[in-house]
Amino acid sequence: MKEDRPCRPLAVVGAGAAGLSAALWAARLGWMPAVFEAADRPGGQLQAVHQPIIDYLGLPARDGPELIRLFLDHLRQAGVSIALGVPIAGILHRTEPRPHFLLVPGKKTGPPDAGVPASTDRKNGGASVLCARAVILATGTRPRRLGVPGEALIAESAWSSTSRNAERFHGRAVVIVGGGDRAVEGALNVAPHAAVVTLLVRGAALKARSALRQKLPSHRNIRIFYRTVIRRIEASDGPGPRYRLLLAPSDGPPSEAGAGKTEESLPPVLTADDVLLRIGMEPVLPPIWTEASDPGRSQAEDAFLAAGGAMLEETVPEGIWIAGDAALPASERSVAAAVGSGMQAAKRAVLWLEAQQILSEADASEAGG
Ligand SMILES: Cc1cc2nc3c(=O)[nH]c(=O)nc-3n(C[C@H](O)[C@H](O)[C@H](O)COP(=O)(O)OP(=O)(O)OC[C@H]3O[C@@H](n4cnc5c(N)ncnc54)[C@H](O)[C@@H]3O)c2cc1C
């Protein structure tokens, strides 16, 4: 395995709002980081925001891509470049001769994107392992899966936007799984077009905010089944609806909040043209291995691709910080929190590097003449 030497002081993994903010702050504090982004475009979730962003102080934006452009302009001015299409498959923690981390790149997935901004850098996207003394993981979240047989059948469309292409649900039977803001928002987006929208809610009540809940009764084609889970998803044969969902009552104890809310008795099987999963997001973090558990590169890639690398924060070794959605509770995930958390991680990492008496690249080259 080829390793780039010498060790860079700081690497940032993920170029969403948190990673970009961490990179800017590190650069401004004199510690130019190496930045790696798995996707072919920077911006993370902001790439998928197609409605106005009205809650980021001082920068209301038409949509996510506009905010990304503003962020990238700022980073360009600070001289930060981003290696795109470089998923970090795993991180190896080494203690000899000094503590450091080896970032193992995985296989690049997906086609190259034509719209890559000028500040980004594909040269770094090779297969070299990068050595860094400190690492900020700003790798965001991924949609939570149901974990039931047949889920792969709905893998492609289950997470797609309902605000952008609501018309594509015209006349269709749509099932939305979840009871939070995104589930209810999805139901409200789709209802004007769909024949019927069924919300399947595991708990006894909706968790969505009341402003959204209050809009539900005005859509007669939205129905809700509470305390309901999907046991299995099957593809339907023939010309009718595409999916058969085998349902069951959820185990949770009945709560007063949801008592009597189920509008119809639960059918054992529901058919649907579309199934949209809105059951929340979970942190996505590359696995970290110590010397004792060195897996080698292919295992690192396997673990990454299997997406089983979710790691508990308490297992993170000294020298690694987690920023943004990957570290934030669900209720606080936002651009503002991601940007703030990126700043925090960068400042902590820089203080730590200084405490370790590690030289920044600028200082090191000065010291070396
Ligand atoms: C539809 C939608 C609408 C939203 N609307 C708003 C809103 O109006 N206001 C608001 O404040 N917030 C909104 N949000 C939330 C906000 O976009 C996020 O909280 C924020 O962008 C999270 O930033 P992040 O950098 O923590 O994570 P992400 O944006 O998820 O970025 C993580 C990045 O890390 C990369 N990555 C992951 N793993 C690896 C790896 N192993 N190697 C290399 N790279 C990796 C990913 O490709 C990604 O680019 C919305 C989100 C969505 C999806």
Side-chain angles (χ1 to χ4, degrees), residues 11-24 34-57 59-68 71-72 82-91 103-110 113 120 124-125 130 135-143 159-165 181-182 185-186 189 278 280-288 300-301 303-311 321-345:
V12 175
V13 183
L20 295 175
S21 166
L24 178 75
V35 186
F36 298 98
E37 167 55 52
D40 280 304
R41 292 182 298 179
Q45 288 171 59
L46 285 174
Q47 291 285 3
V49 181
H50 305 296
Q51 71 261 31
I53 297 179
I54 54 169
D55 43 21
Y56 187 60
L57 187 66
L59 282 185
R62 195 172 51 233
D63 54 19
E66 182 177 77
L67 201 51
I68 296 170
F71 287 172
L72 291 176
I82 303 163
L84 294 174
V86 187
I88 298 302
I91 297 177
L103 279 66
V104 184
K107 283 194 197 84
K108 193 180 143 338
T109 52
D113 189 279
T120 54
N124 281 350
L130 181 109
V135 179
I136 294 173
L137 294 175
T139 41
T141 50
R142 64 175 163 231
W159 298 278
S160 60
S161 164
T162 52
S163 58
R164 199 155 58 149
N165 299 316
D181 282 357
R182 287 201 65 223
E185 214 161 22
N189 287 339
R278 297 290 185 270
M281 307 290 285
E282 60 187 10
V284 49
L285 294 163
I288 299 176
E301 281 180 9
F304 179 74
L305 293 173
M311 180 186 57
W321 289 265
I322 302 178
D325 277 14
L328 291 161
S331 59
E332 293 170 20
R333 289 175 190 149
S334 59
V335 183
V339 166
S341 147
M343 172 280 296
Q344 243 174 7

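Numbering of residues begins at 1 and proceeds along the displayed sequence. Just follow the structure's listing: the first ligand is 1, and inside any ligand the first atom is 1.
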Item to check | Student check: side-chain heavy atoms of M281 and P143 closer than 4.5 Å | outcome: yes
Checklist entry - Which atoms form the tightest heavy-atom contact between P286 and I88, and what is the distance? => result CB-O, 3.5 Å
Checklist entry - Considering only heavy atoms of G324, which atoms of ligand 1 have at least one such atom less than 4.0 Å away? => result 26 (O)
Item to check | Heavy-atom pair of closest approach, residues A34 and L130 | outcome: CB-CD2, 4.3 Å
Item to check | Contact atoms of ligand 1, heavy-atom distance to G140 under 4.0 Å | outcome: 27 (O), 30 (O), 32 (C)
Checklist entry - Quick one: salt bridge (charged side-chain N to carboxylate O under 4.0 Å, His left out) partners of E332, sequence neighbours excluded? => result none
Item to check | Main-chain N/O of P42 paired to Q47 side chain as donor or acceptor, under 3.5 Å | outcome: yes
Item to check | Per-atom contacts of ligand 1 with R333, taking only distances under 4.0 Å to non-hydrogen atoms | outcome: 19 (O)
Next on the checklist: Can you give me the closest heavy-atom contact between G140 and D325, atom names plus distance?
Outcome noted: CA-CB, 4.2 Å
Checklist entry - For ligand 1, which atoms sit closer than 4.0 Å to a heavy atom of V86? => result 42 (N), 43 (C)
Checklist entry - Do you know the tightest heavy-atom contact between T139 and V284? => result OG1-O, 2.6 Å
Checklist entry - Which residue from E37, E332, R41, M281 reaches closest to atom 46 (C) of ligand 1 through any of its heavy atoms? => result E37
Next on the checklist: Minimum heavy-atom separation for L84 and R41, please, with both atom names.
Outcome noted: CD2-C, 4.0 Å
Checklist entry - At a 4.0 Å threshold, what atoms of ligand 1 neighbour a non-hydrogen atom of G44? => result 29 (O), 31 (O), 48 (C), 49 (O)
Next on the checklist: Out of Q45, Q51, E185, H50, who is nearest to atom 15 (C) of ligand 1 when you count heavy atoms only?
Outcome noted: Q45
Next on the checklist: Check this for me - ligand 1, R182, N or O atoms closer than 3.5 angstrom, yes or no?
Outcome noted: no
Next on the checklist: I want to confirm something. Looking only at heavy atoms, which of A83, A17, A39, A48 is nearest to atom 1 (C) of ligand 1?
Outcome noted: A48
Item to check | Non-hydrogen atoms of A89 and P287 that approach each other most closely | outcome: O-CD, 3.3 Å
Checklist entry - Are any of the N or O atoms of A38 closer than 3.5 Å to those of ligand 1? => result yes
Next on the checklist: Could you go through I53 and D55, starting from their C-alpha distance and side-chain angles, then the distance that decides it, and tell me whether this counts as side chain to side chain contact (heavy atoms under 4.5 Å, CB included)?
Outcome noted: CA-CA 6 Å; I53 297 179; D55 43 21; 3.6 Å; yes
Checklist outcome for this item: With heavy atoms and a 4.0 Å threshold, my read on which part of D325 contacts ligand 1 is both
Item to check | Distance-only N or O hit between ligand 1 and S334, under 3.5 Å | outcome: yes
Checklist entry - Can you find a heavy atom in the side chain of L137 that is under 4.5 Å from one in the side chain of I91? => result yes
Item to check | Any V49 heavy atom less than 4.0 Å to ligand 1 | outcome: yes
Item to check | Which of the ligand 1 atoms, numbered from 1, are nearer than 4.0 Å to a heavy atom of V13 | outcome: 40 (C), 42 (N), 43 (C)
Item to check | Per-atom contacts, ligand 1 versus P87 - under 4.0 Å to a heavy atom | outcome: 42 (N), 43 (C)
Which donor-acceptor pairs under 3.5 Å do the side chains of residues 11-22 make with protein atoms, sequence neighbours left out?
from	atom 1	to	atom 2	distance (Å)
S21	OG	V339	O	2.6
S21	OG	M343	N	3.4

Next on the checklist: Regarding ligand 1, does A18 bring an N or O atom to under 3.5 Å of one of the ligand's N or O atoms?
Outcome noted: yes
Next on the checklist: Could you tell me, atom by atom, which parts of ligand 1 come under 4.0 Å of a heavy atom of A138?
Outcome noted: 32 (C), 33 (C), 34 (O)
Checklist entry - atom 13 (C) of ligand 1: which of L103, V335, L84 has the nearest heavy atom? => result V335
Checklist entry - Considering distance alone, does some N or O of I88 sit under 3.5 Å from an N or O of ligand 1? => result yes
